[in-house]
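Sequence positions, counted from 1, serve as the residue numbers for this chain.
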Amino acid sequence: MSRDNAIALAFRFYRKHAALPNFWYVLFIVGISGLLETLPILLSLPLIKSIYEGSELIALQNITLPLINYTIILGVVLIIRFALGFYSQFLNASIRIELLSDFREQKSSNDRQNQKLDFGKSVQGLNFLFIGWSQVFPGIIYSTIGTILSPVFGGITLLIVLVWSVCLRMVKSKQDLWSTKVHSAQTKLEEEGVSLNIDQWKTSKFGAAKWDSINKNLRELIVISTLILSLMISYNLNVLTGMDSLFIVVIFLRGLQQLFTGYIMSQQLSALRSFLLKGITI
């Protein structure tokens, strides 16, 4: 990873402040919290099936549990999920509050005025980094589990995702092109005056906003179309059958959703790269 990569810059910005919790500890907490975000949903499927069928037993692969015992286990998982989710979000917020309070306490009024934008955006970048990791980590785990449970279905799904990634790169290139135009137009505005270039700046800004909106709202289209197409192919190949197929599909559904959310957070972080470059020197 390049030292000028936005993720690397966010890491350097964080490590510069020694009083903060250990960086890897924070990543571990937010990653596990993201993992537990989906686990109760997956565990609730066999319970819903048993309640619907009026069964007193719940079967998980080769394990059979009484309905009441399984319900208690699910309740414990939900409590753990709530506790860790609360702690993870509070930890993330506490880090940002600590950074901003130290900045206000240690900097003079003049320095705060000159540096508050770069510092504030750098702190925001850390938020994007932690949220992104809380989605990417479980997304990888659940996609891997789904592939292990059904290698053919997983392979088909990941192949379709690979095709979609090419489309995403095209959308991102369009967004970057318009963003470059915005930057160029802004530079000219500063050099020549607003009256000469405001229309050009406005047009470029609208173009960048349009492609950014497309990029951020493709998640459901990509995830659902990928799973439907993969399901159609897999059923024709007799790869998926019965309740197990539903369980695997839900694993992939959540895994792909979380991966896409992580991708969006990475784009948000990348947009703050110039601020992070300045932030690490403050």
Inset, instruction - Walk me through it: do Lys107 and Ile282 pass the test side-chain contact (heavy atoms from CB on, under 4.5 Å)? - result: CA-CA 10 Å; Lys107 298 292 182 179; Ile282 296 175; 3.7 Å; yes
Legend entry - Tyr263 and Asn215: CA distance, side-chain angles, deciding distance, side chain to side chain donor-acceptor pair (under 3.5 Å) verdict: CA-CA 10 Å; Tyr263 161 74; Asn215 190 29; 3.1 Å; yes
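You'll find the side chain of Ile251 stays beyond 4.5 Å of the side chain of Thr38, heavy atoms only. Contact annotation: the side chain of Val249 approaches that of Phe153 to within less than 4.5 Å [non-hydrogen atoms, C-beta and beyond]. Residues Leu100 and Phe119 meet the side-chain proximity criterion, which asks for heavy atoms closer than 4.5 Å. Under the 4.5 Å side-chain criterion, counting only non-hydrogen atoms from C-beta, Leu256 is in contact with Val161. Gln258 has its side chain within reach of Glu37: a pair of non-hydrogen atoms, C-beta onward, lies under 4.5 Å apart.
Between the side chains of Ser230 and Thr157, a donor-acceptor pair is found at a separation under 3.5 Å. In this model, a donor atom of one side chain and an acceptor atom of the other lie less than 3.5 Å apart for Lys216 and Gln268.
Cluster membership for Ile228 and Leu221, using ILVMFWY side-chain heavy atoms within less than 4.5 angstrom, is shared. Linking ILVMFWY residues whenever their side-chain heavy atoms come closer than 4.5 Å, directly or via other members, leaves Leu57 and Ile68 in distinct clusters.
The aromatic rings of Phe86 and Phe82 sit parallel, their planes meeting at an angle under 30°, below the 60° perpendicular limit. Ring geometry for Phe130 against Phe23 counts as tilted: the plane angle lies between 30° and 60°, on a 0 to 90° scale.
Without hydrogens or angle criteria, Ser150 side chain to Thr147 main chain gives no donor-acceptor distance under 3.5 Å. The main-chain N or O of Leu162 is found under 3.5 Å from a side-chain atom of Ser165 such that the two form a donor-acceptor pair. Thr261 contributes a side-chain N or O that, together with a main-chain N or O of Gln257, makes up a donor-acceptor pair within less than 3.5 Å.
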